[in-house]
Amino acid sequence: MSAIAARFLVSGRVQGVFFRASTRDQARALGLDGYARNLADGRVEVVARGEPAAVEALAAWLAHGPALARVDALERAAWEEAVAPGFGIG
């Protein structure tokens, strides 16, 4: 199976609740490349690349996030740009 990439925009109480760090831990455990970063409008942007099942597993996790988070909306779009190896937070 070939790798896929997706961009997620997560809305709700997702900043200041360890969302990016928790996302990084989940993504690394799933063997994904990409990043998670805070946006100025209060959302978190996540770009993930890897095996389709792993990207789907991360998408399912992003729908609820870590314990202190409250996810109100999760948007997803295909990602066509290059993704650097590893998974970082910004």
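Computed from a predicted model, the values in this text were never measured in an experiment.
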Handout entry: hydrophobic_cluster_shared for Trp61 and Val17, side chain cutoff 4.5 Å
Key = yes
Exercise for the section: State plainly whether the residues Glu81 and Arg49 are in salt-bridge range, i.e. N to O under 4.0 Å. Expected result: no
Handout entry: Short side-chain to backbone donor-acceptor contact, Gln15 and Arg43, under 3.5 Å
Key = yes
Exercise for the section: Check for a donor-acceptor pair, side chain of Asn38 on one end and backbone N or O of Val44 on the other, with a separation under 3.5 Å. Expected result: no
Practice task
Indicate yes or no for a side-chain donor-acceptor contact from Arg76 to the backbone of Ala6 under 3.5 Å, with no hydrogens or angles considered.
Solution key: no
Problem - hydrophobic_cluster_shared for Tyr35 and Val83, side chain cutoff 4.5 Å - result: yes
Exercise for the section: Group every Ile, Leu, Val, Met, Phe, Trp and Tyr by side-chain heavy-atom contacts under 4.5 Å, then state whether Leu9 and Val71 land in the same group. Expected result: no
Practice task
Check for a donor-acceptor pair, side chain of Arg13 on one end and backbone N or O of Leu68 on the other, with a separation under 3.5 Å.
Solution key: yes
Problem - Shortest non-hydrogen contact between Ser22 and Pro66, atoms and distance - result: OG-CB, 3.6 Å
Handout entry: Heavy-atom side-chain contact between Val46 and Phe87 under 4.5 Å
Key = yes
Practice task
Determine, using the 4.5 Å side-chain heavy-atom cutoff (strictly less than), whether Leu58 and Trp79 are members of one ILVMFWY cluster.
Solution key: no
Exercise for the section: Answer yes or no: is there a donor N or O on one side and an acceptor on the other, between the side chain of Arg7 and the main chain of Glu45, under 3.5 Å? Expected result: no
Problem - Residue pair Thr23 / Leu62, side-chain heavy-atom distance below 4.5 Å - result: yes
Problem - Within one Ile-Leu-Val-Met-Phe-Trp-Tyr cluster: Leu74 and Val55, side-chain cutoff 4.5 Å - result: yes
Problem - Smallest separation among heavy atoms of Phe19 and Gly65, with atom names - result: CE1-CA, 3.7 Å
Practice task
Compare all side-chain heavy atoms of Asp25 with those of Phe18 and state whether any distance is below 4.5 angstrom.
Solution key: no
